[in-house]
Protein chains: 2
Amino acid sequence: MTELEKGPQGRRRGRGARERILGASRQLFRDQGINRTGMDQLCAVAQVSKRTAYQHFASKDELVTEYLRRFDPGTMSAVFDRPDLAPRERLLAAFELPASGTQELTPMCPYIAAAVELHDPRHPASQYARDYKQAIAARLADTAREAGATHPEQLGEQLALLLDGAAARTRVMNTESFPTAAAIAAVLIDNAIPATTGDEDRSR
Amino acid sequence: MTELEKGPQGRRRGRGARERILGASRQLFRDQGINRTGMDQLCAVAQVSKRTAYQHFASKDELVTEYLRRFDPGTMSAVFDRPDLAPRERLLAAFELPASGTQELTPMCPYIAAAVELHDPRHPASQYARDYKQAIAARLADTAREAGATHPEQLGEQLALLLDGAAARTRVMNTESFPTAAAIAAVLIDNAIPATTGDEDRSR
DNA sequence: CGGTAAGTACACAGGCCGGTGTATATAACG
DNA sequence: CGTTATATACACCGGCCTGTGTACTTACCG
């Protein structure tokens, strides 16, 4: 009993420090925000010593950047790479709530949150947020083109703006706003895709 | 030279402390964000002693709340109370950039910024942000009704979401997004207002 | 088994932050 | 004029923050 019983089961928390840190980041940055989450608390939740954390990430800023980089766990693919859906339906699927079993609100888009909290457009995390958002808009534009939209780039940018609007408004109003965005998206999509040849019901 | 020459002109900064504090808040909270602005710096910019600041505002949270409350200096009226514009044009005017002489970006909507930075929906400032945003949506809905929209409440909420989306996206992308939002708004408005009697070109 | 990489415990530095105490000065008003 | 409300200078507190120094322990891998 010199210095044993470190972990909950007596087992050491061990090797996966980096992943545990990033996991705790995802949880705490979402629940409390970046600025209100101290490194001490973060390390406690991750069950990692502070020293270890700073051996993996030179600074909190670097951790925040990596946190953003590691965020999209196939979220983009899950929406865009669905061969079961027609392009038009894929565009609409981007506005569907993920697993809205409970009455929880869609969590604030972490990219917008980071941009607002860090408040410096030159911060690496802010730059990455910009890149990511641009990639999303490009993906939307590609799908719009696939769907036969007349101005796919424009539609992509419009839909991206709707997604950001829904995220921001959900946060500020404390009310789910994605359905509203989805309704707008439907209008825009139908307006942007010219009356197709033998397509299904477009009258509604 | 006992303790003179306090102010720049030798004149005391004097009575307007509260207003100077709120003025400095508007500047600093916009330029640096709320969390990154300390009370020391704020008082220095406002040319107010810290003691005076805390005699006017019991806490920084209270100052932030009052800062938000005092924000709308007729911004709402400037858009909505314009008898020179038809209701439909008033709706569109909400998306016009204010004095875009320079290439400056539209500053981040302070209500969204506060909601994200404070991160607590129960914070008085967050509550006020919600109220304000709701009032905006209601005003938009009223105008939409006046313009003859079929579902004015829905259109109001949609346009409000567009405004929030433009603000958030301008921030995160560091690119002006209000024109995109305005284009969407035009589509929504035209879609929501049934074909009027002698209206101008609607074909395009 | 032995070496090395990874992790740990813990204290502590230095800075900024929100907020207060105290004693003083000045403007406004009756 | 005298009172009172307003503002000032300035030091200070406790707390939290990011980040580091040091000495130690453990896991893995050849």
Side-chain angles (χ1 to χ4, degrees), chain A residues 1-25 28-29 32-67 117-120 123-125, chain B residues 1-25 28-29 32-67 117-120 123-125:
Chain A
M1 54 114 75
T2 52
E3 238 131 42
L4 293 199
E5 55 198 331
K6 303 287 177 62
Q9 277 82 3
R11 213 178 148 280
R12 199 90 175 283
R13 297 78 131 198
R15 300 275 107 148
R18 190 181 179 92
E19 295 311 313
R20 260 176 294 140
I21 295 169
L22 289 165
S25 300
L28 293 174
F29 291 166
Q32 310 184 342
I34 295 171
N35 290 331
R36 304 183 109 77
T37 299
M39 290 298 283
D40 286 288
Q41 185 194 7
L42 199 149
C43 291
V45 169
Q47 297 212 95
V48 156
S49 90
K50 217 163 143 196
R51 211 69 191 78
T52 301
Y54 277 98
Q55 268 150 18
H56 281 283
F57 306 97
S59 65
K60 187 185 179 182
D61 286 313
E62 200 171 279
L63 168 60
V64 171
T65 307
E66 188 66 14
Y67 147 79
E117 284 209 74
L118 303 177
H119 210 275
D120 178 5
H123 191 293
Chain B
M1 53 112 75
T2 53
E3 240 130 41
L4 292 199
E5 55 198 331
K6 303 288 176 65
Q9 277 80 5
R11 213 177 148 279
R12 199 89 175 286
R13 296 75 131 203
R15 301 275 105 150
R18 190 181 180 93
E19 295 312 311
R20 259 176 294 141
I21 295 168
L22 289 165
S25 301
L28 293 174
F29 291 166
Q32 310 185 341
I34 295 171
N35 289 330
R36 302 181 107 79
T37 300
M39 290 298 284
D40 286 289
Q41 185 193 7
L42 199 149
C43 291
V45 170
Q47 296 212 95
V48 157
S49 88
K50 219 163 143 195
R51 210 70 191 80
T52 301
Y54 277 97
Q55 267 151 18
H56 281 283
F57 306 97
S59 66
K60 187 185 179 181
D61 286 312
E62 200 172 280
L63 168 59
V64 171
T65 307
E66 188 66 14
Y67 147 78
E117 285 209 74
L118 304 176
H119 211 274
D120 178 5
H123 191 294

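Numbered from 1 within each chain, the chains take letters A, B, ... in sequence-line order.
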Distance check needed: [N] [atom2] versus [X] [atom1], whole Å only.
X	N	atom1	atom2	result
B/K60	C/dT20	NZ	P	15 Å
A/I21	C/dA6	CD1	P	13 Å
A/Q41	D/dT18	CD	P	10 Å
B/R36	D/dT18	CZ	C1'	12 Å
B/M39	C/dT20	CE	C1'	13 Å
A/N35	D/dC16	CG	P	17 Å
B/H56	C/dG19	NE2	C1'	16 Å
A/Y54	C/dA9	OH	P	17 Å

Return the [atom1] to [atom2] distance between [X] and [Y], rounded to the nearest 0.5 Å.
X	Y	atom1	atom2	value
A/L63	A/K60	CG	NZ	8.5 Å
A/I21	A/L28	CD1	CG	12.0 Å
B/T37	A/H119	OG1	NE2	8.0 Å
B/S25	B/R20	OG	CZ	12.5 Å
A/N35	B/E117	CG	CD	7.0 Å

Between [options], spot the one nearest the side chain of [X], thanks.
X	options	result
B/S59	C/dG19, D/dT8, D/dT26	C/dG19
A/K50	C/dG19, C/dG7, D/dT18	D/dT18
B/D40	D/dT18, C/dG18, D/dT8	C/dG18
A/R15	D/dA7, C/dA6, C/dA9	C/dA6

Worksheet entry | Pairing string, 5' to 3', for DNA chain C - Watson-Crick or wobble contacts under 3.5 Å, brackets [ ] where pairs cross, | to another strand | ||||||||||||||||||||||||||||||
Fill in: Minimal non-hydrogen separation, A/R36 against A/Q41, with atom names
O-OE1, 4.4 Å
Discussion item. Would the base of D/dG21 count as contacting A/R51 through its side chain, where contact means a donor and an acceptor less than 3.5 Å apart?
Written reply: yes
Worksheet item: Between C/dA9 and A/S49, is there an OP1 or OP2 to side-chain N/O distance shorter than 4.0 Å?
Response: no
Practice prompt. Assign each of B/D61 and B/Q55 to its nearest nucleotide of DNA chain C by heavy atoms, then name whichever residue's nucleotide is nearer the 5' end.
Written response: B/D61
Discussion item. Show me the pairs that pass ring-ring contact (aromatic ring centres under 6.0 Å, His included) and involve residues 32-67 of chain A, at least two apart or across chains.
Written reply: A/F29-A/Y67, A/Y67-A/F71
